[in-house]
Structure formats: structure tokens, C-alpha cells
Amino acid sequence: DGGITQSPKYLFRKEGQNVTLSCEQNLNHDAMYWYRQDPGQGLRLIYYSQIVNDFQKGDIAEGYSVSREKKESFPLTVTSAQKNPTAFYLCASSTDTRQGADNEQFFGPGTRLTVL
Amino acid sequence: SQKIEQNSEALNIQEGKTATLTCNYTNYSPAYLQWYRQDPGRGPVFLLLIRENEKEKRKERLKVTFDTTLKQSLFHITASQPADSATYLCALSRGNAGNMLTFGGGTRLMVKP
């Protein structure tokens, strides 16, 4: 089966702890993205990567970090510097990074992070 | 700044009727617009894409229109079914490299039998 997997589905964290959310894709896509979704709000872009070993900040990168050491993997670390980390986190990928590309994004099932 | 508006109130309709969802945007000239479906607790799933030079796009019971003058897209589901109940998100291209998107807040659709 081709697709994107995220783990864990639910994650609980104590304040002051860093946590890492996993995202793996076997679609051979070049581009990968991390979004955050809060109730009643749209998806907000945290980080994106268009190629291995390169990534860019999105709209709300503060308090987050990522790596892209392998094409299929794009883990997100939520650091203790993120002031309001409780949210639903979605990872996505797409096939084309060319200027003007219009391919859809494929999403994983999401990780719900709750800070206790 | 760029802004996308979708009706935050849920849309309730009767089975068999046509559902129409609205996506308005300001300070934007997107090259294309996409619509996604999201079920509770799950990731969005792509439905349709429409480009700036297209007025209308259809796929089975779905129809999307794109009016770049009004800065508005309409998403229609004809002969709606309870299984169509979900949140529908519009997403606009950002114009930079790759498939970068900005998402609206989504509209929840409830189809009653």
C-alpha cells in the first residue's frame, strides 16, 4: 500500500518536554509538509521540504524543528519553546516541486498532541 | 495580508438536495484552487482542482466554479447523501515553487436522511 503514515495517533506530553512526531511516505514524493490544525481553523503551515537535506520555515515555525535526512521521512519536533502545542498535526506530501506545479497534497492520518 | 474565508457555520441540508459551499479570498491571485474533504480525526483528502483560466470543473456529483473577478469559488454536491457529511476545505496556491497551499478554515456539511 502506498501512502503516508504518522505515529503515534495520540501523544501526551508534559509541559517543558520536547516530543517528536513521525511522518513516513512511500509515494516517492519530493515535497513534504507539516501543518497544524486547531478547532475551527484551517491548516497552518509549520515547515516544508522540497528536497532531501533541505527545508524551509512555514508560517508558524517558532517552537518547532524538522529534519529531512531521507526522502521518505520528515519528522517534526515540538520543542518546549512552543507556547501552545496542543493541536492536531498533519503531515503531507506532493510529487512536484516545480514552479507552478498544481498536484494535490496527500495527507497522513494525523497526530493529536495534548500537553498536560 | 492574504485571507481565505469559508462559512464557519455548519451547513445542514436534506438528502437529495444540492449542497453549495463558498470560498472567498482577498489579497490573492491564485493560479489554482483545490478542494479537500476531511472527516473527523482524519487527514484531508483531495477532491478537485480548478485553475484560474477555468470557469468550472466537474467530477461525478461534484462541481467547482472559480470566479477570479469575484475572488470566489463555489463547491457543489448534487444529489447529496448522508455519506457526504464531512468538513470541506478550500486551498489556494501560493504562487511560489511547488505545490504550496494556503487553506481555509473549512465548512462542515451535514446531510440528513
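Naming: A, B, ... by sequence-line order, numbering from 1 per chain.
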Between B/Met100 and A/Tyr33 the two heavy atoms that sit nearest each other are SD-CE2, 3.7 Å

Which heavy-atom pair separates A/Leu90 from B/Gly43 by the least distance, and what is that distance? CD2-CA, 3.6 Å

Please determine whether the number of non-hydrogen atoms from other residues, nucleotides or ligands lying under 6.0 Å from atom CZ of A/Arg68 exceeds 12. yes

Return yes when atom CD of A/Glu15 has more than 12 non-hydrogen atoms of other residues, nucleotides or ligands closer than 6.0 Å, and no otherwise. no

When clusters are formed by joining ILVMFWY residues with side-chain heavy atoms under 4.5 Å apart, either directly or through shared neighbours, do A/Tyr47 and A/Met32 land in the same one? yes

Using a 6.0 Å cut-off, check whether atom CZ of A/Arg44 has over 12 heavy atoms from anything other than its own residue. yes

Does any heavy atom of chain B fall under 4.5 Å from the side chain of A/Asp59, the backbone, both, or neither of them? side chain

Determine the option with the most heavy-atom pairs under 4.5 angstrom with chain A, choosing from B/Ser8, B/Gly41, B/Ala91. B/Gly41

Restricting to non-hydrogen atoms, name the atom on A/Phe88 and the atom on B/Gln38 that form the minimum distance, rounded to 0.1 Å. CE2-NE2, 4.0 Å

With a 4.5 angstrom heavy-atom cut-off, is it the side chain or the backbone of A/Phe106 that approaches chain B, or both, or neither? neither

Is it the side chain or the backbone of B/Arg51 that comes within 4.5 Å of chain A heavy atoms, both, or neither? side chain

Are A/Phe107 and B/Phe46 an aromatic pair, judged by ring center distance below 6.0 Å? no

For B/Gln34 against A/Asn103, the heavy-atom pair lying closest together: NE2-O, 3.4 Å

A/Lys9 atom NZ, neighbour heavy-atom count above 12 within 6.0 Å: yes

ILVMFWY cluster, B/Ile4 and B/Leu48 together (side-chain gap under 4.5 Å): yes

Which atoms of A/Gln41 approach chain B - backbone, side chain, both or neither, heavy atom under 4.5 Å: backbone

Does the side-chain contact (heavy atoms from CB on, under 4.5 Å) test come out yes or no for A/Gln105 and B/Leu101, once each step is laid out? CA-CA 9 Å; A/Gln105 294 188 7; B/Leu101 299 170; 3.7 Å; yes

Are B/Ile77 and B/Leu11 joined in one hydrophobic group, where the rule is that I, L, V, M, F, W and Y side chains link up if heavy atoms are under 4.5 Å apart? yes

Taking A/Ile46 as the starting point, is it possible to reach A/Leu113 by hopping between hydrophobic residues whose side chains are less than 4.5 Å apart? yes

